[in-house]
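Take a look at the structure set out below.
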Amino acid sequence: MTFDPLNLPFQQSAPFREATERAADHAPDQAPNQELHAESILLEEFSYAGVSAYQARGDSAALINLYLLATGALATGLGVLANAYAGTARPTVSIIAITALAIFALFSFAFFARFLSLEQEYREGILAMGVIKEFYIQRLRHTAPEIELAFRWRLRKRPRAATLAGGAPLIAWTIALLSGLSVAGAVGEARQLYSILANVSVPYTPEPALGFRAPFFWELLFGLLAVGAHFVFFFLVA
């Protein structure tokens, strides 16, 4: 059996290429049959959908690992900056912390968007494979009534559309929350830097017009706005 080298990472059979090669071996003086066959394109489509789903799942795992490494690096860097947060170095440390938190927030949004895109690619690949299975089952049901017993993964068992709960969305929302915390931290450091440069006291528990005191009001406000932006993006793409 020959294998199709184009369908990486799997080595999968290419029956239409084998048929063409056999025809060329038996009749080398005759041109191979160039007619279009539905089975050939269906097999290619099924193979491509399977490889796409496999690669999307692998890329999602690699993306999560990379994000965990970036989060660990940020936490380590902030710990080092906290130890140096004293004396005349405070403005410089605050500027570095604000920059690091702002960059991490942007990267978190990029990871969030890419993760949702990979989940959609995985779902589309599984759906494409399910549609082809159903097509074959419908065509072969009369000659092989028991063919449905051979397919456990049917179109009705397809992955659900994007929801607010579940494994993948929970990972996405964890990224969104970390992004919101980064934005809140950047705002807090910016207010602290302003208090140092302007030599004024910046209260962390302002009293809004409603009459109740909210600790870290501005930090919480901007953090929630960042999470809300992820929420809106989720529904726009999902």
Side-chain angles (χ1 to χ4, degrees), residues 1-67 109-172 175 230 232-238:
M1 176 185 294
T2 59
F3 292 95
D4 184 5
L6 301 179
N7 289 323
L8 299 176
F10 303 112
Q11 286 186 328
Q12 299 185 0
S13 61
F16 68 96
R17 293 193 177 94
E18 292 177 2
T20 303
E21 293 173 359
R22 286 196 300 269
D25 293 338
H26 293 330
D29 297 334
Q30 298 179 2
N33 186 9
Q34 300 294 334
E35 295 181 0
L36 296 177
H37 300 281
E39 185 177 9
S40 298
I41 190 63
L42 286 175
L43 291 175
E44 287 294 294
E45 179 73 8
F46 190 87
S47 175
Y48 177 76
V51 172
S52 297
Y54 173 87
Q55 290 179 337
R57 186 57 78 196
D59 290 344
S60 295
L63 192 72
I64 294 172
N65 292 333
L66 181 60
Y67 186 75
F109 185 80
F111 275 101
F112 180 84
R114 181 56 180 160
F115 184 76
L116 292 183
S117 176
L118 289 173
E119 287 300 313
Q120 286 187 331
E121 291 178 12
Y122 171 76
R123 183 173 180 271
E124 290 298 325
I126 297 298
L127 287 177
M129 297 172 68
V131 169
I132 296 175
K133 288 179 185 178
E134 295 297 330
F135 176 79
Y136 272 95
I137 290 173
Q138 293 296 329
R139 294 296 298 269
L140 301 176
R141 179 175 292 171
H142 299 291
T143 57
E146 69 281 1
I147 191 173
E148 295 189 35
L149 302 177
F151 295 97
R152 177 175 176 82
W153 289 4
R154 298 285 300 277
L155 192 60
R156 61 176 176 268
K157 293 183 178 296
R158 65 189 184 274
R160 294 183 301 172
T163 59
L164 293 179
L170 285 180
I171 295 175
I175 297 175
H230 290 75
V232 172
F233 181 83
F234 177 84
F235 278 102
L236 288 178
V237 302

[X] [atom1] to [Y] [atom2] distance, which is reported to the nearest 0.5 Å:
X: I64; Y: D59; atom1: CD1; atom2: CG; answer: 11.0 Å
X: L42; Y: R139; atom1: CG; atom2: CZ; answer: 9.5 Å
X: L116; Y: I175; atom1: CG; atom2: CD1; answer: 8.0 Å

### Message
Going by ring-ring contact (aromatic ring centres under 6.0 Å, His included), name the residues that satisfy it together with F109, two or more places apart in sequence or in a different chain.
### Response
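Partners of F109 by the ring-ring contact (aromatic ring centres under 6.0 Å, His included) criterion, ordered by chain and then number, come out as H230, F233.
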Residues in side-chain contact (heavy atoms from CB on, under 4.5 Å) with [X], at least two apart?
X: A53; result: Y122, I126
X: A62; result: none
X: S52; result: Y48

### Query
Residues in side-chain hydrogen bond (donor to acceptor under 3.5 Å, both in side chains) with R114, at least two apart?
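With neighbours one apart ignored, the set is empty.
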#### Entry: Partners passing side-chain hydrogen bond (donor to acceptor under 3.5 Å, both in side chains) against R141 (at least two apart in sequence or in another chain)
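Applying side-chain hydrogen bond (donor to acceptor under 3.5 Å, both in side chains) to R141 gives E148.
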### Task
Look only at the side chain of S60 and the backbone of A56, and say whether a donor-acceptor pair between them is shorter than 3.5 Å.
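Answer holds: yes.
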### Message
In the structure I gave you, are the side-chain heavy atoms of Y67 and F115 within less than 4.5 Å of one another anywhere?
### Response
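No, their side chains stay 4.5 Å or more apart.
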### Query
Is the closest side-chain heavy-atom distance between E124 and M129 below 4.5 Å?
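No - every pair of side-chain heavy atoms lies 4.5 Å or more apart.
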